[in-house]
**Student:** 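Have a look at this one.
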Amino acid sequence: MGALPEPMDNITKNNGVISAFGIPQMQKLFEEQKKHLDYFFSNVEYGQLQLFTQVLMDAKGVIFFTGVGKSGFVAQKITQTFVSTGTKAVFLSPTDALHGDIGIVGPNDVLVLFSKSGTTEELLRLVPCARAKGAYLVAVTSLRNSQLSNVCDMHVYLPVDRELCPFDLAPVTSTAIQMLFGDTVAIALMQAKNLTREQFALNHPAGRIGKRLIFRVQDVMKKHDELPLCKENDLIMDQLMELTSKGCGCLLVVDEECHLIGTFTDGDLRRALKSIREGVFKLTVGEMCNRNPRTIGPDAMAIEAMQKMESPPSPVQFLPIVNYDNVVIGIVTLHGLVSAGL
């Protein structure tokens with residue numbers, strides 16, 4: 001595997017051409033970008049942002065975002081942020097909208113159009129079509145007066161002094177500001193709606209946060225034939241296969257009606273072998289089991305099971321799952337919880 005090159009502290013020459021990728025040059029670029037962003041924060045009209053947020057908050061329909069080129073990609077990302085934080089939003093391609101997709105827009109909807117210059121032809125063509133559908137139109141531009149702002153119901157001005165690009169052409173500062181604006185408004189709406197962690201988790205079922213707030217013990221437990229069950233009168237020697245084959249590191253000792261009596265672990269076996277050696281194989285599981293094990297119910301949160309396993313006086317690797325009659329219905333292991341993404 002190749003090694004990474006050493007960072008350059010100075011400007012170097014490559015075939016006589018000056019290379020500006022040294023650490024001082026990189027630092028200078030980031031500092032310049034920070035100045036451009038500071039300009040935005042110093043000149044943005046927060047009252048305007050609050051009014052825009054209120055419009056979205058009051059919207060009875062869907063919030064649509066649209067844009068072309070880099071602004072289009074930003075609009076798509078902002079849409080995803082809105083959806084994931086509890087606000088109904090859809091990205092509307094301006095090109096596809098002009099070829100039938102405008103049919104999804106209705107009179108209770110809000111259409112937010114992103115364009116740095118406010119002169120994007122595709123958006124200007126889209127405006128009369130969206131207006132005919134009865135949508136409320138919001139232009140988001142970096143010019144105080146533009147064609148787009150003049151034909152929309154509302155205008156949000158995002159001040160940009162210049163792009164970081166040395167030619168002031170590549171939209172690298174303006175798109176960063178657009179993204180910052182949209183994502184911050186999404187969080188403002190999230191807070192205004194008092195979105196709870198549980199509601200947020202429902203939108204992220206595959207993520208760790210979602211799993212911790214959604215998964216219950218019954219969702220991750222082993223059951224039926226996966227359970228390492230035995231009776232208290234069974235000889236330990238006869239249950240070695242059950243102890244090792246189910247991958248739980250333990251035996252669940254039950255009576256004839258599957259009520260939990262206790263647990264016997266591979267750790268218990270090692271300690272017994274050390275103290276009484278081969279004599280352990282003449283004992284029954286009931287003589288050596290722990291008759292006061294930690295247990296948990298099937299409706300408890302999976303993260304609660306993990307916390308219970310790790311709690312004092314000493315951590316354990318599993319929890320028997322019992323119902324209100326103390327009947328064993330499953331087992332959950334620490335390895336299983338970690339494998340589930342908790």
Side-chain angles (χ1 to χ4, degrees), residues 198 201 205-342:
E198 290 73 21
R208 190 181 185 195
I209 293 176
K211 290 177 180 178
R212 288 189 166 208
L213 294 174
I214 294 175
F215 279 18
R216 297 186 180 276
V217 168
Q218 60 190 337
D219 299 320
V220 294
M221 70 181 185
K222 292 186 175 186
K223 51 190 176 182
H224 305 312
D225 293 340
E226 297 176 298
L227 299 181
L229 300 177
C230 72
K231 301 297 191 296
E232 62 177 328
N233 292 326
D234 293 340
L235 289 174
I236 292 175
M237 182 175 65
D238 295 336
Q239 293 300 319
L240 291 180
M241 182 62 71
E242 188 75 3
L243 177 64
T244 58
S245 64
K246 297 297 176 68
C248 298
C250 67
L251 292 171
L252 303 181
V253 188
V254 297
D255 62 16
E256 295 299 329
E257 296 179 340
C258 218
H259 294 102
L260 182 67
I261 295 174
T263 61
F264 180 78
T265 70
D266 49 11
D268 294 330
L269 177 61
R270 288 192 298 271
R271 286 185 287 274
L273 284 170
K274 185 176 181 180
S275 60
I276 59 178
R277 300 184 183 278
E278 64 274 5
V280 69
F281 297 115
K282 298 178 182 179
L283 300 176
T284 64
V285 179
E287 292 178 279
M288 296 296 294
C289 73
N290 170 21
R291 292 178 178 265
N292 188 32
R294 302 176 201 179
T295 63
I296 198 166
D299 293 327
M301 303 306 296
I303 187 61
E304 181 184 338
M306 179 177 283
Q307 293 167 347
K308 197 167 189 177
M309 289 183 200
E310 297 172 342
S311 64
S314 60
V316 296
Q317 299 295 311
F318 67 92
L319 288 177
I321 302 167
V322 296
N323 64 13
Y324 56 89
D325 284 329
N326 200 42
V327 173
V328 174
I329 59 176
I331 187 172
V332 61
T333 66
L334 184 60
H335 179 269
L337 292 174
V338 173
S339 298
L342 276 76

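Computed from a prediction, not measured in an experiment: that's the story for all the values here.
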**Student:** Might you point out which heavy atoms bring D234 and Q239 nearest each other, and give the distance in Å?
**Tutor:** OD2-NE2, 3.3 Å
**Student:** Side chain of K246, backbone of L227: donor and acceptor closer than 3.5 Å?
**Tutor:** yes
**Student:** Can you check whether D266 reaches R270 side chain to side chain, under 4.5 Å on heavy atoms?
**Tutor:** yes
**Student:** Could you go through the side-chain contact (heavy atoms from CB on, under 4.5 Å) check for D255 and L260 one step at a time?
**Tutor:** CA-CA 7 Å; D255 62 16; L260 182 67; over 6 Å; no
**Student:** Tell me if a side-chain donor or acceptor on K231 pairs with a main-chain N or O of V285 at a distance below 3.5 Å.
**Tutor:** no
**Student:** Measure the CD1-CD distance between I261 and E232 for me, rounded to the nearest 0.5 Å.
**Tutor:** 4.0 Å
**Student:** Going from CG on L319 to SG on C248, what distance comes out if it is rounded to the nearest 0.5 angstrom?
**Tutor:** 11.5 Å
**Student:** Look at the side chain of N290 and the backbone N and O of G262, then say whether any donor-acceptor pair between them is shorter than 3.5 Å.
**Tutor:** no
**Student:** With a 4.5 Å cut-off on side-chain heavy atoms, are C230 and L252 touching?
**Tutor:** no
**Student:** With rounding to the nearest 0.5 angstrom, report the CD1 to SG distance, I236 to C289.
**Tutor:** 9.0 Å
**Student:** Judged by atom type as modelled, is there a donor-acceptor pair below 3.5 Å linking the side chain of E310 to the main-chain atoms of Q307?
**Tutor:** no
**Student:** Quick one: does E287's side chain have a donor or acceptor within less than 3.5 Å of a partner on T284's backbone?
**Tutor:** yes
**Student:** Between CG of L251 and CG of D268, what distance do you get to the nearest 0.5 Å?
**Tutor:** 9.5 Å
**Student:** Could you walk me through whether F281 and L273 pass the side-chain contact (heavy atoms from CB on, under 4.5 Å) check?
**Tutor:** CA-CA 9 Å; F281 297 115; L273 284 170; 3.8 Å; yes
**Student:** Between G249 and L243, which heavy-atom pair has the shortest distance, and what is it?
**Tutor:** C-CD1, 4.1 Å
**Student:** With a 4.5 Å cut-off on side-chain heavy atoms, are L337 and V220 touching?
**Tutor:** yes
**Student:** How long is the span from the CD1 atom in I331 to the CZ atom in F318, to the nearest 0.5 Å?
**Tutor:** 5.5 Å
**Student:** For the residue pair L229 and V328, establish whether any side-chain heavy-atom pair is separated by less than 4.5 Å.
**Tutor:** yes
**Student:** What distance do I329 atom CD1 and K223 atom NZ have between them, rounded to the nearest 0.5 Å?
**Tutor:** 9.0 Å
**Student:** More than 12 heavy atoms of other residues, nucleotides or ligands under 6.0 Å from CG of D325: is that the case?
**Tutor:** yes
**Student:** For M301 versus R216, what's the shortest heavy-atom pair and its separation?
**Tutor:** SD-NH1, 3.3 Å
**Student:** Could you go through T265 and R271, starting from their C-alpha distance and side-chain angles, then the distance that decides it, and tell me whether this counts as side-chain contact (heavy atoms from CB on, under 4.5 Å)?
**Tutor:** CA-CA 10 Å; T265 70; R271 286 185 287 274; 4.1 Å; yes
**Student:** For the pair R294 (side chain) and K308 (backbone), establish whether a donor and an acceptor sit closer than 3.5 Å, ignoring hydrogens and angles.
**Tutor:** yes
**Student:** Taking CD in E242 as the centre, count heavy atoms belonging to other residues, nucleotides or ligands within less than 6.0 Å. Is the count above 12?
**Tutor:** yes
**Student:** Tell me if the NE2 atom of H335 is crowded by more than 12 foreign heavy atoms within 6.0 Å.
**Tutor:** no
**Student:** Given I321 and V332, is the side-chain contact (heavy atoms from CB on, under 4.5 Å) satisfied, shown in steps?
**Tutor:** CA-CA 7 Å; I321 302 167; V332 61; 4.0 Å; yes
